[in-house]
Amino acid sequence: MADYTDIQLTSIAPGAWRLSFSAPGIDPPISVWMDGAPAAVFHEQHTTYMTVLYTEEPLTIDIVQGVEQPPAQFPARVTLGWYRSHGAHRYRIDRYISDAWAAVDRIPDTYTLYGYYTWYYTWRSPRLPDGEEARFRVVPEGPMQAPGTAAELRALMVRYPDPPAPTYAYDDETRKLTLTET
């Protein structure tokens, strides 16, 4: 693995981030990948490499020697989905952090708002750390923020999963291929 130093990601405007880094002793080309898509390629040697990334929030960024795509990654977010709860005025999204539940967002119940009938709601988490279990819950809230019955979700975030190692057998007579995951 290459040794990149002085890596800095700085917000420079809404939806724009400056990425700078040094790569002493590493020969170009050096490429920057953002969530599995190419973002920049440097073909000449520099003391400091710098580029601007356009996104609402920092994404998963890989800096690699060469122009080959880094290993496949999976999204670092969880999307919660739930059906409308009768009598709810809003839905509170909680996350379990440091042995306690903390409210991270509130979604208004828009079932009859301006004649718009909503039966299903979704919420997308911010980026989550790789290899950690995240716990979320959706709590319907009635008048005066009275809580209803919560629905909880636990998700293990694995962005770089191990590839499966299946074994297979082919039967010439039946022409069947049998796959077995080990």
Side-chain angles (χ1 to χ4, degrees), residues 1-82 91-99 101-107 120-138 151-168 177 179-182:
M1 183 168 148
D3 199 14
Y4 301 100
T5 61
D6 303 322
I7 299 172
Q8 295 181 7
L9 185 64
T10 308
S11 176
I12 56 175
W17 299 81
R18 181 180 58 228
L19 171 69
S20 63
F21 61 94
S22 298
I26 299 172
D27 294 327
I30 296 172
S31 59
V32 175
W33 294 75
M34 196 166 63
D35 268 3
V41 177
F42 301 97
H43 293 284
E44 296 177 12
Q45 187 78 40
H46 297 282
T47 305
T48 300
Y49 297 86
M50 192 176 320
T51 188
V52 175
L53 306 173
Y54 296 97
T55 180
E56 287 303 312
E57 63 180 89
L59 300 172
T60 303
I61 298 169
D62 290 296
I63 304 170
V64 296
Q65 184 176 17
V67 293
E68 296 295 320
Q69 184 171 6
Q73 303 172 16
F74 290 85
R77 300 175 191 254
V78 171
T79 300
L80 304 178
W82 65 94
Y91 301 92
R92 186 181 73 226
I93 311 299
D94 294 342
R95 182 169 178 196
Y96 196 75
I97 303 170
S98 301
D99 299 326
W101 288 103
V104 293
D105 204 355
R106 280 191 166 79
I107 309 294
Y120 192 75
Y121 296 87
T122 60
W123 177 82
R124 191 173 179 199
S125 76
R127 300 214 169 266
L128 301 169
D130 190 33
E132 290 184 18
E133 181 181 77
R135 291 174 62 185
F136 294 96
R137 69 180 180 186
V138 177
E152 186 178 332
L153 167 81
R154 291 174 183 237
L156 175 61
M157 186 53 59
V158 181
R159 293 188 44 247
Y160 297 96
D162 296 330
T167 58
Y168 62 92
L177 178 67
L179 294 173
T180 308
E181 188 174 343
T182 55

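For the numbers below, each heavy atom of this structure counts, side chains included, while hydrogens, waters and symmetry mates do not.
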Exercise. What's the spacing between D94 CG and R135 CZ if we round to 0.5 Å?
Worked result: 11.0 Å
For this session: Please tell me if the side chains of T47 and S22 come closer than 4.5 Å, counting only heavy atoms from C-beta onward.
Result: no
For this session: Quick one: do L9 and I7 satisfy side-chain contact (heavy atoms from CB on, under 4.5 Å)? Show the steps, please.
Result: CA-CA 7 Å; L9 185 64; I7 299 172; over 6 Å; no
For this session: Please say whether more than 12 non-hydrogen atoms of neighbouring residues, nucleotides or ligands are located less than 6.0 Å from OH in Y168.
Result: no
Exercise. In Å, rounded to the nearest 0.5 Å, how long is the span from CZ of R77 to CG of L128?
Worked result: 8.5 Å
Problem set entry | Test item: I12 and V52 side chains (from C-beta on) under 4.5 Å apart, heavy atoms | yes
For this session: Identify whether NZ of Lys or CZ of Arg in R95 sits under 6.0 Å from the centre of the six-membered ring of W101 and within 45° of that ring's axis.
Result: no
For this session: Count the heavy atoms of every other residue, nucleotide or ligand shown that sit under 6.0 Å from CD of E133, and state whether that count exceeds 12.
Result: yes
Seminar exercise, completed: Shortest non-hydrogen pair, V41 vs P29, comes out as CG1-CB, 4.3 Å
Problem set entry | M157 and E132: CA distance, side-chain angles, deciding distance, side-chain contact (heavy atoms from CB on, under 4.5 Å) verdict | CA-CA 6 Å; M157 186 53 59; E132 290 184 18; 5.8 Å; no
Problem set entry | Flag side-chain contact, heavy atom, 4.5 Å: M50 against L19 | no
Exercise. Between the main-chain N or O of V78 and the side-chain N or O of S125, is there a donor-acceptor pair closer than 3.5 Å?
Worked result: yes
For this session: Measure the acute angle between the ring planes of F21 and Y49, then classify it against the limits of 30° and 60° as parallel, tilted or perpendicular.
Result: parallel
Exercise. If we only count heavy atoms from C-beta on, is the L80 to V138 side-chain gap below 4.5 Å?
Worked result: yes
Problem set entry | 4.5 Å side-chain heavy-atom contact, E44 and P28 | no
Problem set entry | Within-4.5 Å side-chain heavy-atom neighbours: V104 and W123 | yes
Exercise. Q45 and D27: side-chain contact (heavy atoms from CB on, under 4.5 Å), yes or no, with the steps?
Worked result: CA-CA 7 Å; Q45 187 78 40; D27 294 327; 4.2 Å; yes
Seminar exercise, completed: d(R18 CZ, T51 OG1) to nearest 0.5 Å is 11.5 Å
Exercise. About how many Å separate NE2 of H43 and CD1 of I30, when rounded to the nearest 0.5 Å?
Worked result: 11.0 Å
For this session: Run the ring-centre check on Y91 versus W82 and record whether the distance is less than 6.0 Å.
Result: yes
